[in-house]
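Report on one structure; see the data block that follows.
Not measured: the values here are computed from a predicted model.
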Amino acid sequence: MTLNMVEQREKAVEVDHDIISRMNDRYMKMSKGHKAVAAYISDHYEQAVFMTAAKLGETVGVSESTVVRFAMGLGYEGYPEFQKALEEWVKNKLNSVQKIGAKYGKSSQSEVLHSVLNADIEKIKDTIVKLDVVAFEAAVDIILEAETIYLVGVRSCEPLADFLHFYLNMIRGNIVHVKTTSVTEMFEQMIRISEKDAIIGISFPRYSMRTLKAMEFANDRNAKVITITDSIHSPMNLYSSCNLLARSDMVSIVDSLVAPLSVINALVVALCLKQPEAVKENLETLEKVWNNYQVYLNDEINFIDEEPMLNYPLMKKEEQNI
């Protein structure tokens with residue numbers, strides 16, 4: 001290796017020191033085998049950090065030489081240097097608790113509360129400024145026009161996908177929430193996706209390779225792809241034609257999902273306003289089902305004026321007829 005090559009490599013390592021960021025940045029240009037290695041490491045870094053190149057290859061289903069070439073393709077001299085970088089990344093990840101102590105250790109509980117809430121307010125303000133309104137409107141139209149909607153969100157993003165699934169299911173039918181820890185099962189759940197359908201992928205740092213693979217698969221099937229992610233540099237944008245950006249920083253070891261949830265709320269409201277009659281009909285049908293089967297009587301009861309909310313609208317209608 002020449003001196004010039006060494007200097008270039010050292011400069012690249014200095015600028016691009018995060019091993020997960022390297023994998024995300026290079027993912028689209030990777031071979032099929034390299035993508036499989038990247039996906040496994042991203043989702044199972046706790047196990048991968050202790051594996052030899054041979055063991056990692058065996059686990060993923062590729063050769064040891066493929067794993068070595070993967071490491072070199074990321075700019076490392078070989079697998080040992082790659083493994084060391086992964087070990088450092090994991091170590092920094094696990095040291096997040098210590099960073100919390102350094103930041104908030106001498107703060108009172110009320111100061112922590114105000115600090116976190118103010119930080120979330122700033123994220124929402126930033127999202128308002130940066131969110132592409134045209135992309136938002138396109139997303140609403142895609143969701144309404146698609147035959148089937150597939151939702152993918154894993155790890156800390158799974159609650160966002162659950163929330164969106166709950167309300168989309170009230171607004172329209174044919175909603176598939178892809179929920180699995182297996183890439184194989186994920187593709188099995190998406191096997192029928194086509195150009196008539198759409199997928200919504202939700203992912204924030206640390207980006208999920210499983211979500212990225214699902215979006216790649218959907219894109220290959222010519223389905224419409226919507227992503228809810230944090231920036232224009234997110235790898236989730238690689239296969240998406242409609243990017244909804246919501247700021248999400250790590251306050252501590254906890255992802256701040258306030259801004260993404262607000263964007264999802266806005267999506268739900270916009271969808272309801274686009275077809276109010278259909279939404280009203282669906283909700284009235286649900287209310288009849290709840291009443292007929294007494295769904296909420298022993299589960300969730302809200303009281304308004306000392307009356308169960310379940311019967312409140314019906315009682316008001318009766319009063320109007322008197």
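Using a 4.5 Å heavy-atom threshold, the side chains of V176 and D197 count as separate. Using a 4.5 Å cut-off on side-chain heavy atoms (C-beta onward), I19 and Y76 make contact. The shortest distance between side-chain heavy atoms of Y45 and V49 does not fall below 4.5 Å. Using a 4.5 Å cut-off on side-chain heavy atoms (C-beta onward), R69 and T66 make contact. Side-chain atoms of R172 and N174, non-hydrogen and from C-beta on, do get closer than 4.5 Å to each other. Between M209 and V37 there is no side-chain heavy-atom pair separated by less than 4.5 Å. Counting heavy atoms from C-beta outward, I41 and L56 have side chains that approach closer than 4.5 Å. Side-chain atoms of T229 and N243, non-hydrogen and from C-beta on, never get closer than 4.5 Å to each other.
Judged by distance alone, the side chain of R247 and the main-chain N or O of D126 form no donor-acceptor pair under 3.5 Å. Although no hydrogens or angles enter the test, the distance criterion places no donor-acceptor pair under 3.5 Å between the side chain of E216 and the main chain of Y239.
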Requested in this report: Could you give me the CA-CA distance, side-chain angles and deciding distance for F166 and F163, then say whether ring-ring contact (aromatic ring centres under 6.0 Å, His included) is met?
Outcome: CA-CA 5 Å; F166 178 81; F163 184 87; 7.7 Å; no
Query raised in the report: Are L74 and M30 close enough, and set up right, to give a side-chain contact (heavy atoms from CB on, under 4.5 Å), and what steps lead you there?
Result: CA-CA 10 Å; L74 293 180; M30 289 182 185; 4.1 Å; yes
Query - Test side-chain hydrogen bond (donor to acceptor under 3.5 Å, both in side chains) applied to Y207 and D230, step by step - result: CA-CA 10 Å; Y207 304 108; D230 67 318; 2.6 Å; yes
Query raised in the report: After noting the C-alpha distance and the side-chain angles of V67 and M51, does the key distance pass the side-chain contact (heavy atoms from CB on, under 4.5 Å) rule?
Result: CA-CA 11 Å; V67 175; M51 293 181 176; over 6 Å; no
Query - Derivation of the side-chain contact (heavy atoms from CB on, under 4.5 Å) call for T211 and I202 - result: CA-CA 7 Å; T211 303; I202 307 172; over 6 Å; no
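None of S234, C157, S231 except one satisfies the side chain to side chain contact (heavy atoms under 4.5 Å, CB included) rule with F204; the exception is C157.
Placement of L164 and V269 in two distinct hydrophobic clusters is found when ILVMFWY residues are connected by side-chain heavy-atom separations under 4.5 Å, directly or transitively. Connection of I200 to I264 is established within a shared hydrophobic cluster, with ILVMFWY side chains joined at heavy-atom distances below 4.5 Å, either directly or through further cluster members. Transitive grouping of hydrophobic side chains (ILVMFWY, heavy atoms separated by less than 4.5 Å) brings L212 and F70 into a common cluster.
Residue pairs that meet the salt bridge (Lys or Arg N to Asp or Glu O under 4.0 Å) test with at least one member in residues 156-168, sequence neighbours left out, are E158-K179, D162-K179.
Ring pair F217/F187 is tilted by interplanar angle, where 30° to 60° counts as tilted.
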For residues 135-153, which side-chain N or O atoms pair as donor and acceptor with protein atoms under 3.5 Å away, sequence neighbours left out?
unit_1 : atom_1 : unit_2 : atom_2 : d
D141   : OD1    : K274   : NZ     : 3.3

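Nearest heavy atoms, V154 versus R210: CG1-NH1, 3.9 Å. Listed here is the closest heavy atom pair of K123 and A259: O-CB, 4.0 Å.
Summarising the geometry, atom NZ belonging to K55 is positioned 13.0 Å from atom CD belonging to E64; distances are rounded to the nearest 0.5 Å. In this structure, OG in S208 is found 6.5 Å from CE in M236, a value given to the nearest 0.5 Å. Atom NE2 of residue H34 and atom OH of residue Y27 lie 12.5 Å apart, to the nearest 0.5 angstrom.
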